[in-house]
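What follows is a single structure, written as structure tokens, with notes after it.
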Number of protein chains: 2
Amino acid sequence: MNLKELSQILGLSQTTVSRALNGYPEVGEATRKRVQEAAVLHHYRPSTRAKGLATGRAMAIGHVIPVSTRHEIVNPVFADFIAGAGETYAAKGYDMILSVVDDDREARTYRDIAAKRNVDGIIVHGPELNDPRVALLTELGLPFVVHGRASGVALPYSWLDVNNTRAFRRATDFLLDLGHRRIALVNGLEEMDFAARRRRGYEAALVARGVAPDPALMRSSEMTENYGHVAAAEMLRLPDPPTAFLTASMISALGVRRAIEDAGLKMGRDVSIVTHDDDLGYLRNGDGADPIFTATRSSVREAGRLAAAMLLELVVDPERTPRSRLMEATLVVGQSTGPAPQQAQAALSQRR
Amino acid sequence: MNLKELSQILGLSQTTVSRALNGYPEVGEATRKRVQEAAVLHHYRPSTRAKGLATGRAMAIGHVIPVSTRHEIVNPVFADFIAGAGETYAAKGYDMILSVVDDDREARTYRDIAAKRNVDGIIVHGPELNDPRVALLTELGLPFVVHGRASGVALPYSWLDVNNTRAFRRATDFLLDLGHRRIALVNGLEEMDFAARRRRGYEAALVARGVAPDPALMRSSEMTENYGHVAAAEMLRLPDPPTAFLTASMISALGVRRAIEDAGLKMGRDVSIVTHDDDLGYLRNGDGADPIFTATRSSVREAGRLAAAMLLELVVDPERTPRSRLMEATLVVGQSTGPAPQQAQAALSQRR
DNA sequence: CTTCATTGCCAAAGCGCTTTGGATATCCGC
DNA sequence: GCGGATATCCAAAGCGCTTTGGCAATGAAG
């Protein structure tokens, strides 16, 4: 069923039918109603391709997911982010086009996407420090929003990010307040902008309290369960082991917890953990009041919704100046943190 | 840069340029080369929309991800499956269009997709028992491949699935061989076809050995960490607790392990776990030789690659009869299983 | 009873590509 | 030197939609 057929059935011109369906004022209300009913009856939906050709709008947004052996495995946060973005797109009638791309061919992919003109805008995932994609996309003139930021990039661009620095600074402060001084950072890959920022927040908090950051207590890698386990196990074997861990994701936190228990210690009593929690659907940090992990929490699904909405605004009005949005993470206290053991003992001995 | 401009630059007709680029024989080799070079030089890529309109092919595949409050949260396996499928699409020049859809509007969504004609085929995710989508898509005449199967559907259709029944039967047999008799099943949602099959495999193995399945040892829910924890914790408090757990995913296995340790027991010695392992990128079951969990393993990423390839064959040749592919899971032995405690004791006493 | 907006509708052009159905030029054997 | 392949290239139609520019008919105003 296409426009031509539908208009023949109705005994109207294609013009009128098209206008009736698209809400233009120059068709009579009676006719409009008749047209709309016929459209529903015959399951008429305009062809995206033809509509796109005629209007110059693709009504689709592209997401380019970098994937390589080097890093950025298929990150579980993508699933939630995309689910959030998908909600926004669905509400506004946009499609979402996903490209999983080997990241050494990423530049070419963006060029191709721009030339093929099958998306109206792009969400950039996983920005790195000095990420070249910002300049590339600006040059290509394709509207885009970065999920995260690209430190070191001078050009103005639109982004939506969590305040990672502040979140990790607060988390570190929280541990310091509990008396911890040996605080380990089990970070994500520090080429990634978000991980670099988290480290900065962590270090700033330590320095502000006069605690020297110890390179032996900092790791950076892909955020897997196994990585958390290995990293924590190694650090716990140090002569002066950490009494607290700051981890970059729930998954690596699970690994850290396992290492703590393997060492015969108890999480929350002997060793504390604060993790970042993206509030993923399938990996909830406990249900409700008493979370398993003390965490800096920020919903990545909500981030997806908002980033998509920002991008659609940009698509509708390309003259608009770049927009940005900084989401704050909330620090929720769970069962994984407690006073530093030394301090607990000191408190005990004071009472005696 | 479009065809018209490019052909003007070259002093050729659009026809010739189009044919040269698409490999038709009726253009001279010299001209073809000249055209190809100019295309590269000017970054020419044909507009997907226009090409699609002219050819009637969208060069895109749709993935409809059901998402609702009821069930099927944004499942982490989607990310890996889609990454695999994306590889195939990229290699063949197809785009991937994702629709996240509230599942009470799913039928409507499929109808819309068919009417909008912006995909050449669809991958169906998360089939349930008697899934109505098979009939709907068959009626719509849209090529599709189901990831999984839909028990109870009589129509022929194309699918790719893991042999879940066999995998869980083997896993159960393995535990029975180790002397376990109280074997719990921490299953996924049993409306889902894969979960129903797993249960059947589990029950069949028990019955074949004369062990009566005990409803108190079977749970079914969304496969989260928390669910695994709660379910296992409850069962371990039973008067006659299980000595082994069969879980449906790595994530719920992590929860089960936590419950075991919370109870002061040791995994692999006091209580065994066998889990299904989708071989997800960010949740590896140990690196290399000695996996954490004994598991039935099958790569969902590979499934994505294969399902996509099957669908593309179907798209190219719609007359082709439905194809299917059953992948076998391998049973890998890790640190999470050991002989049933009673039997271990019996063995010890025999030695004395 | 004209005149002139206004309302309601339509024919046709155009979006960027593929493809049909020639047209022209070249080359072959006889 | 001629008919007929053969090799190259082209003009124009068509894919399904939107949108420009008109055209009748209607009703209000003069």
Side-chain angles (χ1 to χ4, degrees), chain A residues 1-36 38-39 42-60 93-95 112-120 316, chain B residues 1-36 38-39 42-60 93-95 112-120 316:
Chain A
M1 176 59 53
N2 57 23
L3 227 212
K4 194 172 175 184
E5 290 168 27
L6 186 65
S7 57
Q8 278 166 357
I9 289 174
L10 284 161
L12 290 168
S13 75
Q14 296 191 35
T15 309
T16 303
V17 176
S18 172
R19 310 218 98 141
L21 293 174
N22 290 316
Y24 282 73
E26 54 268 80
V27 339
E29 271 318 310
T31 335
R32 160 162 293 136
K33 187 148 197 180
R34 200 160 66 89
V35 170
Q36 283 170 339
H42 296 93
H43 292 125
Y44 171 73
R45 306 240 49 198
S47 147
T48 328
R49 294 195 290 268
K51 190 163 187 162
L53 235 206
T55 58
R57 331 204 56 181
M59 292 307 280
Y94 279 74
D95 284 329
D112 279 4
I113 287 176
K116 281 162 64 183
R117 281 149 292 170
N118 59 346
V119 299
D120 296 323
V316 170
Chain B
M1 176 60 52
N2 58 25
L3 226 211
K4 195 171 176 184
E5 290 167 29
L6 186 65
S7 58
Q8 277 165 0
I9 289 174
L10 284 161
L12 290 168
S13 75
Q14 296 191 34
T15 309
T16 303
V17 175
S18 171
R19 310 219 99 140
L21 293 174
N22 290 317
Y24 282 74
E26 52 269 80
V27 334
E29 270 319 309
T31 342
R32 160 163 293 135
K33 188 147 196 182
R34 199 160 66 89
V35 169
Q36 283 170 339
H42 296 94
H43 292 126
Y44 171 73
R45 306 240 48 198
S47 147
T48 329
R49 293 196 291 268
K51 189 163 187 162
L53 235 205
T55 59
R57 330 203 59 179
M59 292 307 279
Y94 278 75
D95 284 328
D112 278 3
I113 287 176
K116 282 162 62 184
R117 280 149 293 171
N118 60 166
V119 299
D120 296 323
V316 170

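Chain identifiers are assigned alphabetically (A, B, ...) following the order of the sequence lines, protein sequences preceding nucleic acid strands; residue numbering begins at 1 within each chain. We use all heavy atoms of the structure for the numbers below, so side chains are in, but hydrogens, waters and symmetry mates are not.
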Just by distance, do the side chain of [X] and the backbone of [Y] share a donor-acceptor pair under 3.5 Å?
{"X": "B:S7", "Y": "B:V17", "result": "no"}
{"X": "B:S18", "Y": "B:Q14", "result": "no"}
{"X": "B:R49", "Y": "A:T48", "result": "no"}

Euclidean distance, [Y] [atom2] relative to [X] [atom1], rounded to 0.5 Å:
{"X": "A:L53", "Y": "B:K51", "atom1": "CG", "atom2": "NZ", "result": "13.5 Å"}
{"X": "A:H43", "Y": "A:L6", "atom1": "NE2", "atom2": "CG", "result": "12.5 Å"}
{"X": "B:L10", "Y": "B:T16", "atom1": "CG", "atom2": "OG1", "result": "10.0 Å"}
{"X": "A:M1", "Y": "A:R45", "atom1": "CE", "atom2": "CZ", "result": "14.0 Å"}

d([atom1], [X]; [atom2], [N]) in whole Å:
{"X": "B:L3", "N": "C:dT19", "atom1": "CG", "atom2": "P", "answer": "12 Å"}
{"X": "B:K33", "N": "D:dT8", "atom1": "NZ", "atom2": "P", "answer": "16 Å"}
{"X": "B:N118", "N": "D:dG16", "atom1": "CG", "atom2": "P", "answer": "15 Å"}
{"X": "B:R49", "N": "D:dT18", "atom1": "CZ", "atom2": "P", "answer": "13 Å"}
{"X": "B:N2", "N": "C:dG14", "atom1": "CG", "atom2": "P", "answer": "14 Å"}
{"X": "B:L6", "N": "D:dC10", "atom1": "CG", "atom2": "C1'", "answer": "16 Å"}
{"X": "B:L21", "N": "C:dT18", "atom1": "CG", "atom2": "C1'", "answer": "12 Å"}

Specify the closest pair of heavy atoms between [X] and [Y], including all atoms of both residues, with the distance to one decimal.
{"X": "B:A39", "Y": "B:L21", "answer": "CB-CD2, 3.9 Å"}
{"X": "A:R57", "Y": "A:V316", "answer": "NH2-CA, 3.9 Å"}
{"X": "A:N2", "Y": "A:Y44", "answer": "C-CE1, 3.6 Å"}

Find the bend of the helix from C:dC1-D:dG30 to C:dC30-D:dG1 as the angle between its two terminal axes (five pairs each), to the nearest 10°.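 End-to-end axis angle for the helix from C:dC1-D:dG30 to C:dC30-D:dG1: 50°, rounded to 10°.
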Specify the residues of residues 51-58 of chain A, ordered by number, for which at least one heavy atom lies under 4.0 angstrom from an atom of DNA chain C.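 Contacts with DNA chain C under 4.0 Å: A:L53, A:A54.
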May I have the step-by-step check of side-chain contact (heavy atoms from CB on, under 4.5 Å) for B:M59 and A:N118, ending in yes or no? CA-CA 11 Å; B:M59 292 307 279; A:N118 59 346; over 6 Å; no
Phosphate contact (C:dT19 OP1 or OP2) by B:Y24 side-chain N/O below 4.0 Å: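 Yes, because at least one side-chain N or O of B:Y24 sits under 4.0 Å from OP1 or OP2 of C:dT19.
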Test of understanding: with side-chain hydrogen bond (donor to acceptor under 3.5 Å, both in side chains), list the residues that count as partners of B:R117, not counting sequence neighbours.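 Residues passing side-chain hydrogen bond (donor to acceptor under 3.5 Å, both in side chains) with B:R117: none at all.
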Qualifying salt bridge (Lys or Arg N to Asp or Glu O under 4.0 Å) pairs, either residue in residues 5-25 of chain A, two or more places apart: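 Every salt bridge (Lys or Arg N to Asp or Glu O under 4.0 Å) pair that includes a residue of residues 5-25 of chain A, provided the two are not neighbours, is A:R19-A:E26.
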Check the interface with nucleotides 22-24 of chain C: list each N/O to N/O pair with the protein under 3.5 Å, or write none.
none

Give every pair of a protein N or O atom and an N or O atom of nucleotides 6-12 of chain C that lie under 3.5 Å apart, one pair per line with the distance.
unit_1 : atom_1 : unit_2 : atom_2 : d
C:dC9  : OP1    : A:T31  : OG1    : 3.0
C:dC9  : OP2    : A:G28  : N      : 2.9
C:dC9  : OP2    : A:T31  : OG1    : 2.8
C:dC10 : OP2    : A:S13  : N      : 2.7
C:dC10 : OP2    : A:S13  : OG     : 3.1
C:dC10 : OP2    : A:T16  : OG1    : 2.7
C:dA11 : N7     : A:T15  : OG1    : 3.3
C:dA11 : N6     : A:T15  : OG1    : 2.6
C:dA12 : N6     : A:T15  : OG1    : 3.4

